Amino acid sequence: MSKVKNLEAFVLTIPRDEPYLGGQHPGEGANDKGYFVRQQNRTVYPIMDRTVVLRLETESGVVGWGETYGLVAPQAVLALINEFMADFVVGRDVFDASVVHEDLYNMMRFRGYNGGYYMDALAAIDIALWDAAGRCANLPIAKLLGGRRRDEIPAYISGLPKPTLTERAEFAHSWQEKGFNSFKFAAPMAVDSLAEEMDGLRSVLGPTAKIASDMHWNRSAGEAITEITEMEPHGLWFAEAPVPTEDVNGLAEIARKVKTPIAVGEEWRTVYDAQMRINARAVHIIQPEMGHTGITQFMRMGLAAQAAHLRIIPHATIGSGIFLAASLQASAALEGIVCHEFQHSIFCRNTGLISEGITCENGHYQIDEGPGLGITPTEELISQLSK
Ligand code: MG
């Protein structure tokens, strides 16, 4: 009775006053569909939050929830799931989540669909299968993944969405007063010199604060080595995404030449993305993003990192809280986890849409002990789902 009866994906749109990462710079006006390109990282953003939510039901009536990225053209993911993938999941056992994952991956791998939107769609299905399995077994997902190692995970404050360095430092300090002492600033939103940004933050946050820099993939290896070296006297925790994702050799060169740990991984879909960087000794900290990986690939990446004695600090992005809950469950089962990203600008607003909530207080996430993901979408969230 743990076989899948049906599943369906929907779009969830959540308006926001200011775009993610803060207001637009001059010349970055949104088009009529609400998209704009941030010039400093050349990346497109919508002016609203948007995500894809998936509902799955078993023959015995157990419901599992999944979620994946929906920021840009979410209808592409809906079409993949609702018009194609769902039919190959119906009738499968929710306790075979990893097997279903491999089967769906194999169905498209030889055509080169081993990343991008196809894997996002698969991530949503995968999370819902694991959630349903946990609910069928009346166990939290961490227990199905090999064991619950921890009840809470240290969290770092991500993004300081204020227009000036003084305001960014004050904003970070306000979180320090709430018990958080780890931070990451986004280079596109920083002053021109990253060393100057570090210096300004350090002078307000003091010597014990951990401060990381997200460099948003737009340096050459040589530029990144110079900038990271300049930040190091100010105490740099880790340097994230210094070069374009394709430049694995450049990343390895940076990892050899600076003292600071290099962190990457938010854009990866599978363990193959992780393995090539691990083999090249190009990364010290991996940052899997549950919204792209699903639980199956997140765990495979995490175990590959552990086997190479690397650290894991999961990424956290724009969502309703469903894939964040999945990320916390998987993180509870992995030994190599040292911290988890905390997106205050999303979390504090959007997670009112899930019942039982997710708590992140005094510098730590608390991990739910309920069955499955431990959380459920509220009626308010469900009423906002659309096709
Ligand atoms: Mg990042």
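If you're wondering where the values come from, they're calculated on a predicted model, not measured in any experiment.
Side chains of Ile286 and Arg277 form no contact here, defined as non-hydrogen atoms less than 4.5 Å apart. Side chains of Ile278 and Leu310 form a contact here, defined as non-hydrogen atoms less than 4.5 Å apart. Contact check for Thr270 versus Thr293: no side-chain heavy atoms found under the 4.5 Å cut-off. Val248 places none of its side-chain heavy atoms less than 4.5 Å from the side chain of Thr245. Looking at heavy atoms from C-beta onward, Ile312 lies in side-chain contact with Gln306 at the 4.5 angstrom threshold. Inter-residue side-chain proximity for Tyr365 and Ile358 is flagged as met; some heavy-atom pair is nearer than 4.5 Å. By the 4.5 Å heavy-atom criterion applied to side chains, Phe342 and Ser182 are not counted as neighbours. A 4.5 Å side-chain heavy-atom check between Lys387 and Phe10 finds at least one atom pair inside the cut-off.
Using a 3.5 Å distance cut-off with no hydrogens or angles, the side chains of Gln176 and Asn181 do pair a donor with an acceptor. With 3.5 Å as the limit, one finds no donor-acceptor pair spanning the side chains of Gln287 and Glu289.
Distance OG1/Thr58 to CE/Met1: 7.5 Å, rounded to 0.5 Å. Interatomic distance, CG of Leu194 versus CG of Leu201, reported as 10.5 Å (0.5 Å rounding). Of the inter-residue distances, the one linking Glu230 atom CD with Ile225 atom CD1 reads 12.0 Å to the nearest 0.5 angstrom. Atom CE of residue Met189 and atom OG1 of residue Thr164 lie 11.5 Å apart, to the nearest 0.5 angstrom. Distance check, rounded to the nearest 0.5 Å: OG of Ser220 to CD of Glu253 gives 9.0 Å. Atom CD1 of residue Ile295 and atom OG of residue Ser327 lie 9.0 Å apart, to the nearest 0.5 angstrom.
Salt bridge Arg55/Glu57: present, at least one basic N to carboxylate O contact under 4.0 Å. Under the 4.0 Å criterion applied to side-chain N and carboxylate O atoms, Asp49 and Arg16 are assigned as salt-bridge partners. Using a 4.0 Å cut-off between a side-chain N of Lys or Arg and a carboxylate O of Asp or Glu, Glu170 and Lys162 do not qualify as a salt bridge. Between Glu102 and Arg300 there is a salt bridge, with a side-chain nitrogen of the basic residue lying less than 4.0 Å from a carboxylate oxygen of the acidic one.
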ask   = Given Asp368 and Leu328, is the side chain to side chain contact (heavy atoms under 4.5 Å, CB included) satisfied, shown in steps?
value = CA-CA 8 Å; Asp368 205 283; Leu328 295 176; over 6 Å; no

request  = Go through the steps to decide whether Arg202 and Ile211 satisfy the test side chain to side chain contact (heavy atoms under 4.5 Å, CB included), and finish with yes or no.
outcome  = CA-CA 8 Å; Arg202 177 65 67 198; Ile211 306 175; 3.8 Å; yes

request  = Show the numbers, then the answer: is there a side chain to side chain contact (heavy atoms under 4.5 Å, CB included) between Trp217 and Glu267?
outcome  = CA-CA 11 Å; Trp217 302 280; Glu267 73 279 25; 3.4 Å; yes

task = Apply the test side chain to side chain contact (heavy atoms under 4.5 Å, CB included) to residues Phe238 and Lys210: give CA-CA distance (whole Å), side-chain angles for both, the deciding distance (0.1 Å), then the verdict.
result = CA-CA 9 Å; Phe238 61 80; Lys210 290 180 178 169; over 6 Å; no

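When all heavy atoms of Cys339 and Pro314 are compared, the pair lying nearest together is O-CD, 3.2 Å. The two residues Ala332 and Ile367 come nearest to each other via the heavy atoms CB-CD1, 3.7 Å. Across all their heavy atoms, Glu240 and Asp214 have their closest contact at OE2-OD2, 2.9 Å. Of all heavy-atom pairs between Gly372 and Asp131, the closest is CA-OD1, 3.4 Å. Residues Leu303 and Leu334 approach most closely at CD2-CD2, 3.9 Å, considering heavy atoms. Listed here is the closest heavy atom pair of Val62 and Arg135: CG1-CB, 3.7 Å.
Judged by distance alone, with hydrogens and angles left aside, the side-chain atoms of Glu59 form no donor-acceptor pair with the main-chain N or O of Lys3 at under 3.5 Å. Proximity of a side-chain donor or acceptor of Asn31 to a complementary backbone N or O of Tyr35 within less than 3.5 Å is detected. For the pair Thr68 (side chain) and Asp120 (backbone), a donor-acceptor distance under 3.5 Å is present. A donor-acceptor pair under 3.5 Å links the side-chain atoms of His364 to the main chain of Asn362, judged by distance alone. Judged by distance alone, the side chain of Arg50 and the main-chain N or O of Leu71 form a donor-acceptor pair under 3.5 Å. A donor-acceptor contact shorter than 3.5 Å is absent between the side chain of Arg269 and the backbone of Ala123. Under the 3.5 Å distance criterion, the side-chain polar atoms of Glu197 are matched with a main-chain donor or acceptor of Val191. Between the side chain of His284 and the main chain of Ile262, a donor-acceptor pair closer than 3.5 Å is present. When atom types are taken as modelled, the side chain of Arg168 and the backbone of Ala190 share no donor-acceptor pair closer than 3.5 angstrom. Remark: the backbone N or O of Ser320 is paired with a side-chain donor or acceptor of Glu67 at under 3.5 angstrom.
Heavy atoms of other residues, nucleotides or ligands lying less than 6.0 angstrom from CD of Glu379 number 12 at most. No more than 12 heavy atoms of other residues, nucleotides or ligands shown are found within 6.0 angstrom of OH on Tyr113. With a 6.0 Å radius and a threshold of 12 heavy atoms from other residues, nucleotides or ligands, Arg311 has its CZ atom at or below the threshold. Heavy-atom neighbours of Arg109 CZ from other residues, nucleotides or ligands within 6.0 Å: above the threshold of 12.
Under the 30°/60° scheme for interplanar angles, the aromatic rings of Phe323 and Tyr69 are found to lie parallel. Classification of the His101-Tyr105 ring pair by plane angle, with boundaries at 30° and 60°, yields parallel.
Both Leu56 and Leu104 belong to a common hydrophobic cluster when Ile, Leu, Val, Met, Phe, Trp and Tyr are linked at side-chain heavy-atom distances under 4.5 angstrom. Taking hydrophobic clusters as Ile, Leu, Val, Met, Phe, Trp and Tyr residues chained together by side-chain heavy-atom distances below 4.5 Å, Ile153 shares a cluster with Leu373. Taken together through direct or relayed side-chain contacts under 4.5 Å among Ile, Leu, Val, Met, Phe, Trp and Tyr, Ile47 and Val72 form part of one hydrophobic cluster. Residue Phe84 is grouped with residue Leu7 when hydrophobic side chains (ILVMFWY) are merged at heavy-atom distances under 4.5 angstrom, including chains of intermediate members. No single ILVMFWY cluster, assembled from side-chain heavy atoms under 4.5 Å apart, contains both Ile313 and Ile228.
For the ring pair (Phe, Tyr, Trp, His ring centres under 6.0 Å) with Tyr156, the lone residue among Phe185, Phe183, Phe180, Trp237 that qualifies is Trp237.
Both cation-pi conditions hold for Arg38 and Tyr45: the charged atom is under 6.0 angstrom from the six-membered ring centre and inside a 45 degree cone around its axis.
The aromatic ring centroids of His344 and Trp175 lie less than 6.0 Å from each other.
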